[in-house]
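Since the structure comes first, as structure tokens, the remarks are kept for the end.
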Amino acid sequence: MEARQIGENGSGRKGVEESDVEIKENEEVLKKIIASHPLYEVLIQSHINCLKVGLSEAGEFDATSEAWNKLVNSKSKATPSPNTSELDHFMEAYCMALSKLREAIEEPTKETNAFIRATYLQLKELNELN
Amino acid sequence: MARQLCEEKSKDMASSSHGLFYSDVSSNNPTIQPHLMNHIQGFVTDPDMFNLTTGMDMIGFSKNLQQHSESNGVMMWKSFFGKPGQLAGSSSSKTMNGSCSNFYNQHADAYNTNKQDFTSGISETSSENLVVGGAHDSAPWQENRLMVDDSSLRCVFPCEGNQRPSQGLSLSLSSTNPLSIGLQSFELRQTSHHQHLSDFVSREGFFGKPVNAQQQQQQMLQDGYLSPSKGANIYQGHFLIKNSKFLVPAQVLLNEFCSLGTKENDVLPKQKCSQKNKQWEEGNSGGGSSKNHSLSSLEYVELQKRKTKLLAMLEEVDRRYKHYRNQMKAVVSSFEAVAGNGAATVYSALALKAMSRHFRCLKDGIMDEIEATRKGMGEKDHVAAVPGTTRGETPRLRIVDQSLRQQRAFQQISIMETHPWRPQRGLPERSVSVLRAWLFEHFLHPYPSDVDKHILARQAGLSRRQVSNWFINARVRLWKPMVEEMYLEEEKEQENDVASSDINVPEEDEKPTQEAPLLRIDSECMSSIVNDVTKSGKTIQNDNQMDAFGSVELDFSSYTHAHHSSGVSLTLGLQQHGESGVSLAFLPAATQSSMFYPRDQIQECQTVQYSLLDAEGQNMPFRNVMGTHLLHDLV
């Protein structure tokens with residue numbers, strides 16, 4: 001409901017500067033709405049998992065995981081209003097999309113890592129033979 | 001109906017086989033090249049990789065299939081693929097995301113009270129996951145190949161008779177269809193409170209272009225993703241992430257929460273890479289690849305084999321890297337079709353960077369090995385063995401000599417390319433400076449004799465003809481304009497009747513004070529000294545300038561007028577001042593080559609003073625030139 005009102009308010013024709021300010025305000029309000037959604041943590045976890053695929057070392061994510069734990073502990077879990085079904089759909093779909101993206105990135109990365117390891121082994125064998 | 005559609009689709013797939021990759025890895029196939037066999041054998045370390053049950057688990061079949069005996073292989077296949085509605089095994093992927101499902105269960109209790117069945121899977125049954133190429137009597141089955149098609153998976157099992165198909169499972173991601181690479185269609189099972197997620201999730205890529213509900217239902221029924229019972233309850237609307245107003249704020253939030261800098265991440269892979277390279281270097285130094293003694297034919301053949309293997313590995317690495325990049329591009333493009341442009345670059349950039357580093361290290365290692373092998377074979381500087389220059393035909397020194405010649409030729413070619421040939425205009429500056437110095441030294445009579453021309457030619461490194469031509473041109477271009485300018489100024493002064501008051505006539509018997517046995521009259525060095533003008537208007541000269549023998553002072557103070565600024569004539573090296581005169585002094589310079597005369601000869605030559613005060617008896621253009629010492633030609 002809030003999101004719809006925001007969209008209606010921001011659609012009025014005003015000056016360029018005023019409209020920019022309104023758009024920024026709308027984005028800030030939308031950010032707050034998204035951050036208060038119960039699936040926001042799942043979204044962030046999916047985001048982090050997608051980023052983790054590209055990192056070889058798990059220890060490189062210490063700072064992010066700490067921030068994540070803080071956010072989880074301090075987060076007040078507000079129940080969503082029944083009128084925000086569009087946001088529910090979006091959050092679910094985006095979480096799913098990110099999880100599928102992680103799988104899609106992970107698959108070729110794993111294949112390629114296996115190939116690289118095998119090639120290293122072959123090089124080692126070549127060195128030992130000669 | 002769905003059965004017929006499946007059979008028609010499988011026949012089309014069998015005929016066209018777009019997106020299907022079959023690689024027969026069995027040893028019976030003689031067409032496979034040996035180095036490729038080595039690669040395949042080397043890359044697969046797990047013996048269960050080609051196991052059927054492992055492959056089935058990867059697709060989604062449960063492990064309870066292993067209780068079937070090998071003799072009942074055909075019955076097993078029939079039981080799985082005979083009827084589309086038959087339950088054969090449970091799906092292996094039930095949760096939305098394995099890493100976040102526990103968290104979701106903990107932190108979204110309030111949300112789950114309304115929507116308890118928020119789980120995802122490919123489908124309830126594995127027969128819905130897979131589209132099988134017709135019955136066992138269809139064309140693909142007769143060719144002993146069973147095709148399994150999924151939107152994210154392209155598998156081909158070679159299967160011979162009743163044997164268990166345990167060889168040659170080839171899994172690959174098709175780059176021809178970028179929207180379906182590695183992406184499975186998924187659905188959320190709905191309850192009365194929660195609509196189906198497939199309403200706003202299309203199966204093309206992650207989420208594709210919106211289609212109406214009937215088309216989507218029919219497509220998913222046809223592909224086996226939905227059972228007919230579920231297909232009736234599809235939500236009529238279609239939700240697309242790309243068009244959502246929440247997308248940009250959500251992406252901004254995610255980037256604010258966690259945006260990785262890559263500087264810290266660069267350290268560890270580089271260290272690993274350097275360690276691996278060190279290991280390889282140690283292996284190369286310890287191994288027999290760099291042998292100094294002369295190689296036997298067997299050793300040479302071994303090294304040749306090793307080199308070809310390494311080159312094949314290098315090609316394979318390049319190919320795999322390109323393949324990986326294509327895969328990532330396809331994944332990114334399919335995700336960006338859902339979430340807008342640039343949405344996936346945050347995630348793919350890190351993976352691409354890490355993998356490119358790994359590939360670079362691997363490539364460097366292989367290149368080091370190739371280099372060591374080449375050194376062992378006697379090849380140098382990557383010069384390929386040209387026919388006729390192999391080791392058995394020519395000695396080693398000749399090969400080295402040829403390589404050096406080639407290098408020189410390449411260097412000359414590169415020089416010619418960078419500096420294209422163009423004809424040189426004029427003479428060298430050093431030669432011109434010698435000739436110009438003589439010209440100004442003999443300013444009143446710039447006509448060198450044959451002896452002068454000979455000496456100047458030797459000094460300048462030119463021929464006598466070049467010297468003669470230069471003087472002809474110089475008299476026209478340099479000397480004549482100067483004389484004419486002086487003459488014009490003199491006429492102007494005559495019109496104004498300005499008589500010069502200060503006349504500096506030096507003594508007649510002025511002799512050089514230098515004590516050296518040989519004095520140089522330097523024809524190359526010409527320095528112009530500008531007289532300083534005091535407040536009283538008198539000209540002050542340095543004494544040491546006049547001490548030098550052969551110094552000639554030309555005082556043109558009477559010819560100067562107001563509009564002359566202190567400009568420098570580039571051709572002559574003369575400085576012109578508005579108030580003071582110009583004096584030319586030819587001083588001996590110790591550093592340059594010159595003509596030497598014995599001291600006694602110079603003393604015998606008396607300085608001749610031309611008195612230009614009496615203007616009536618002499619018809620000369622320089623009548624008002626005062627205090628002029630001219631050195632007589634000593635030649």
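Naming: A, B, ... by sequence-line order, numbering from 1 per chain. For clarity, every value in this text was computed on a predicted model and none was experimentally measured.
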Inset, instruction - Kindly compute the distance separating CD1 (A:Ile116) from SG (B:Cys361), expressed to the nearest 0.5 Å. - result: 9.0 Å
Inset, instruction - Report yes if some heavy atom in the side chain of B:Tyr321 is under 4.5 Å from a heavy atom in the side chain of A:Thr112; otherwise report no. - result: no
Legend entry - Smallest separation among heavy atoms of A:Ile34 and B:Ala250, with atom names: CD1-N, 3.7 Å
Inset, instruction - Mind checking the CZ-CD1 spacing from B:Phe335 to A:Ile105? Nearest 0.5 Å is all I need. - result: 8.5 Å
Inset, instruction - Output the distance between atom OG1 (A:Thr109) and atom CE (B:Met328), rounded to the nearest 0.5 Å. - result: 5.0 Å
Inset, instruction - Answer with side chain, backbone, both or neither: which region of B:Val332 has an atom nearer than 4.5 Å to a non-hydrogen atom of chain A? - result: neither
Inset, instruction - Could you walk me through whether A:Thr119 and B:Ile366 pass the side chain to side chain contact (heavy atoms under 4.5 Å, CB included) test, one step at a time? - result: CA-CA 9 Å; A:Thr119 314; B:Ile366 296 171; 4.2 Å; yes
